[in-house]
Amino acid sequence: MTSSSTSPEDIRSLEYGTGSHFIKNIINEHNRNGRFDGRIHTRFPPEPNGYLHIGHAKSICLNFGLAREYGGLCNLRFDDTNPVKEEQEYIDAITQDVRWLGFDWEDRLYYASDYFETMYHFAEQLIQSGHAYVCDLTPEEIREYRGTLKEPGRESPYRNRTVSENLDLFRRMRAGEFPDGLRTLRAKIDMGSGNLNMRDPVMYRITRATHPRTGDAWCIYPMYDWAHGLEDSIERITHSICTLEFEDHRPLYDWFLEALDTYRPQQIEFARLALTHTVMSKRKLLTLVKEGFVAGWDDPRMPTISGLRRRGYSPEAIRSFCEKIGVSKANSTVDYAMLEYCVREHLNLTAPRVMAVLDPLKVVITSYPDNQVEMLDALNNPEDETMGYRTVPFSREIYIEAADFMDNPPKKFFRLAPGREIRLKHAYYIVCDDVIRDKSGEIVELRCHHDPESRGGWTKDGRKVQGTLHWVSASHAVRGEVRLYDHLFLTDDPLNVPEGTNFTDSINPNSISTIRTALFEQSLENVNPEARYQFIRHGYFCADRDSRPGYPVFNRTVTLKDTWAKLQK
RNA sequence: UGAGGCGUGGCCAAAUUGGUAAGGCUCCUGACUCUGGAUCAGGCAACUGUAGGUUCGACUCCUACCGCCUCAGCCA
């Protein structure tokens with residue numbers, strides 16, 4: 001046991017490594033050759049159409065982390081170019097999650113929709129220079145004309161309209177003269193390109209949908225490829241970091257900004273995060289929510305930021321995780337154990353220890369005076385003595401964990417058994433004298449005696465005891481609820497399922513088990529939601545918002561490492 | 001020969017731009033301990049996808065294969 005105090009530096013050192021990765025190498029090179037005059041300005045650009053998950057956290061930590069490390073800036077920008085999918089609810093949730101993770105965009109909260117007018121003017125500029133045209137093809141026809149992966153596409157019959165005709169049509173698109181989907185504005189690039197993104201991509205579509213921020217001001221909305229580079233350019237972003245699937249889009253990103261002869265950031269793609277035993281796509285997470293496999297976006301079993309938060313994960317732990325997994329271009333799946341390691345690492349240093357008995361077995365200490373109650377001092381956290389002490393009541397009748405007693409213990413069972421002496425944490429040594437059973441033979445109570453000289457948990461003679469148990473005073477115990485969570489999916493890779501089956505088929509039927517018989521030490525009678533504790537010998541737990549005065553409810557974040565459990569198998 | 005990427009121990013991932021394979025997680029020992037936790041010490045484990053080539057020397061350069069991922073939304 002170490003008993004050093006935990007400084008903020010210690011905790012911070014968990015998170016910020018000096019590790020190198022290919023994006024830093026690129027930035028260093030830019031700094032060397034002066035491409036961005038030594039500036040570094042990144043952005044996190046979520047679309048507000050769902051909740052953030054741990055995969056987004058990787059991106060958030062990367063973008064904000066690089067800005068911090070290089071003394072640059074990072075913007076929070078909502079990429080709200082598709083009003084049919086986006087909602088204010090998501091904007092609020094995302095904002096809250098990023099802030100909870102510990103990042104600050106200061107006054108740089110932006111929205112793509114703020115640039116709609118600017119984008120529109122850039123579009124007219126592209127029309128003027130002959131780089132864009134209004135196309136009357138239907139969606140089906142556009143698909144046909146686009147060709148296939150191996151065959152080139154064909155040019156649209158509307159491709160050679162005059163500049164003035166294009167300008168007139170485009171203005172009338174904006175003015176709302178045409179029904180939804182009737183025409184599009186397209187970039188005039190190369191229908192024969194091997195890169196499908198370059199086959200005259202659509203820049204604007206006509207969609208009458210009320211936008212969360214611009215309302216009904218627009219009936220044409222910009223497409224991602226057209227909008228995103230402009231957003232980055234307008235904000236003078238230096239490094240536009242995105243995921244691998246946008247690699248094929250980079251030529252288009254560059255093409256638009258070069259055609260406009262305007263400032264061009266460097267797009268860099270990295271591999272998105274995948275974790276074992278869970279799914280990460282918004283669509284699949286939505287399925288879990290909609291079909292009731294979980295109780296909502298913030299169900300503690302969800303890999304969402306809000307789910308992890310409710311589960312008890314700390315921002316520090318998540319940041320530390322994102323630092324540890326690194327950044328690369330190789331598709332990979334990180335072992336969930338890595339995430340669990342990170343929470344334990346942080347909570348070990350910061351979570352106060354308390355005692356909770358999940359499966360109670362009554363113990364009467366026959367040698368202890370009937371009406372006596374002692375208030376014993378208990379260290380809150382042996383890793384950080386500055387967290388001080390609390391007192392826990394001790395009395396003649398207590399409860400211990402049923403699994404901590406065995407009639408005929410096997411070798412290496414360092415717990416209570418007939419005739420054996422163990423230590424009650426913070427309290428006394430006790431010896432088991434008697435086992436009381438009901439008519440069915442089930443153990444219902446133990447009779448023990450204690451050694452008054454062992455008060456506090458040690459004796460002058462220095463004798464060793466073979467185990468330390470947690471306990472709770474019967475008359476002082478608080479009844480409450482504990483929710484034990486396990487992986488949501490039984491398999492490492494839920495997406496890798498046999499033909500004809502669904503990813504939800506491998507959902508773990510025991511991903512949650514609720515215990516309503518739990519007994520907690522008195523200090524937990526009233527808890528604040530999101531307060532994190534270590535239940536000694538059990539694991540880390542987080543008070544849930546369902547807690548009521550006198551009836552605390554806890555979510556198990558993660559178990560303690562359990563070498564006994566390993567021995568047993 | 002559609003286009004673009006990626007392949008380093010069970011899982012992530014470095015390698016100062018050719019110098020002779022970091023680190024973390026997992027797993028296994030042992031020490032210590034008022035949490036079978038933590039901590040500490042140590043260990044198992046990679047001929048860097050394969051086959052050639054260049055070189056005194058290659059994870060790094062060249063050639064050819066193999067495997068995996070992404071792209072045919074008026075989604076992002």
Side-chain angles (χ1 to χ4, degrees), chain A residues 1-2 4 17 19-21 25 29 45-47 49 79 81-82 84-86 135 137-139 142-143 146-153 180-186 193-199 201-207 220-221 223-225 227-228 242-251 269 271 276 282 323-342 344-345 348-349 353 355 379 382-383 412-415 423-427 429 454 456-458 465-470 492 534-539 559-567:
Chain A
M1 175 175 68
T2 60
S4 57
S20 95
H21 56 67
N25 293 343
E29 178 56 26
E47 182 191 11
N49 69 341
D79 204 2
T81 57
N82 183 9
V84 308
K85 288 187 176 176
E86 295 151 8
C135 183
L137 256 26
T138 65
I142 286 185
R143 197 185 329 118
R146 185 156 35 225
T148 67
L149 290 178
K150 296 191 175 175
E151 297 152 13
D180 285 7
L182 188 72
R183 293 187 223 267
T184 56
L185 182 71
R186 294 227 260 164
S193 173
N195 182 345
L196 297 259
N197 296 120
M198 301 300 271
R199 319 238 266 227
V202 171
M203 295 164 61
Y204 277 96
R205 73 280 210 181
I206 302 172
T207 303
I220 58 172
Y221 290 95
M223 299 287 291
Y224 170 85
D225 286 305
H228 204 86
C242 60
T243 44
L244 251 30
E245 65 270 28
F246 291 103
E247 232 156 5
D248 292 343
H249 296 241
R250 186 170 5 110
E269 312 84 15
T276 60
K282 283 181 184 173
E323 183 63 39
K324 280 186 171 70
I325 57 176
V327 181
S328 78
K329 298 191 69 156
N331 283 312
S332 59
T333 303
V334 176
D335 195 328
Y336 204 95
M338 184 86 95
L339 221 206
E340 296 185 326
Y341 171 84
C342 291
R344 290 195 187 102
E345 185 185 38
N348 176 48
L349 299 177
R353 274 60 169 166
M355 295 194 286
L379 186 58
E383 300 293 331
K412 293 192 173 179
F413 181 80
F414 303 147
R415 306 182 187 182
R423 170 171 39 234
L424 294 175
K425 181 82 177 172
H426 307 305
Y429 292 180
S454 64
W458 58 278
V465 290
Q466 54 200 336
T468 301
L469 308 187
H470 59 279
D492 284 25
Q534 183 198 97
F535 289 179
I536 285 180
R537 304 209 301 134
H538 278 301
T559 62
L560 249 25
K561 287 209 329 195
D562 189 348
T563 52
W564 169 242
K566 269 177 197 162
L567 277 179

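Computed over heavy atoms, backbone and side chain alike; hydrogens, waters and symmetry mates excluded. In what follows, chains are A, B, ... by sequence order, proteins preceding strands, each numbered from 1.
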Please tell me which of the listed nucleotides, [options], lies nearest to the side chain of [X]?
X	options	result
A:P382	B:C28, B:U35, B:C74	B:U35
A:H249	B:G37, B:A76, B:G5	B:A76
A:D248	B:C27, B:G5, B:U70	B:U70
A:S332	B:A76, B:A13, B:C71	B:A13
A:L149	B:A15, B:A72, B:U35	B:A72
A:S328	B:C11, B:A13, B:U35	B:A13
A:Q534	B:C6, B:C75, B:U35	B:U35

For [X], report the nucleic acid contact type (base, sugar-phosphate, nothing); a contact means any heavy atom under 4.0 Å.
X	result
A:F246	base
A:N25	sugar-phosphate
A:H426	base
A:F535	nothing

Tell me: [atom1] of [X] to [atom2] of [N], nearest whole Å?
X	N	atom1	atom2	answer
A:W458	B:U35	CH2	P	16 Å
A:R199	B:A3	CZ	C1'	9 Å
A:L339	B:C11	CG	C1'	13 Å
A:Q466	B:U35	CD	P	14 Å
A:E323	B:G23	CD	C1'	12 Å

TODO: For residues A:P382 and A:R353, report the shortest heavy-atom separation together with the two atoms involved.
DONE: CD-NE, 3.8 Å

Open item on the list: So for A:E383 and B:U39, does any side-chain atom that can act as donor or acceptor lie under 3.5 Å from a complementary atom in the base?
Closed with: no

Open item on the list: My understanding is that a pair needs two contacts under 3.5 Å, Watson-Crick or G-U wobble. By that rule, which nucleotide pairs with B:G2?
Closed with: B:C71

- [ ] Decide if the gap between the ring center of A:Y429 and the ring center of A:W458 is smaller than 6.0 angstrom.
- [x] no

Open item on the list: Can you confirm if the aromatic rings of A:Y341 and A:Y336 lie within a centre distance of less than 6.0 Å?
Closed with: no

Open item on the list: Using a 3.5 Å distance criterion without hydrogens, assess whether the side chain of A:E86 forms a donor-acceptor pair with backbone atoms of A:N82.
Closed with: yes

Open item on the list: If you assign each of A:K150 and A:T333 to its closest nucleotide in RNA chain B, which residue comes earlier from the 5' end?
Closed with: A:K150

Task: Contact nearer the 5' end of RNA chain B, comparing A:R353 with A:P139 - done: A:R353

Task: A:P251 vs A:M198 side-chain heavy atoms within contact, under 4.5 Å - done: yes

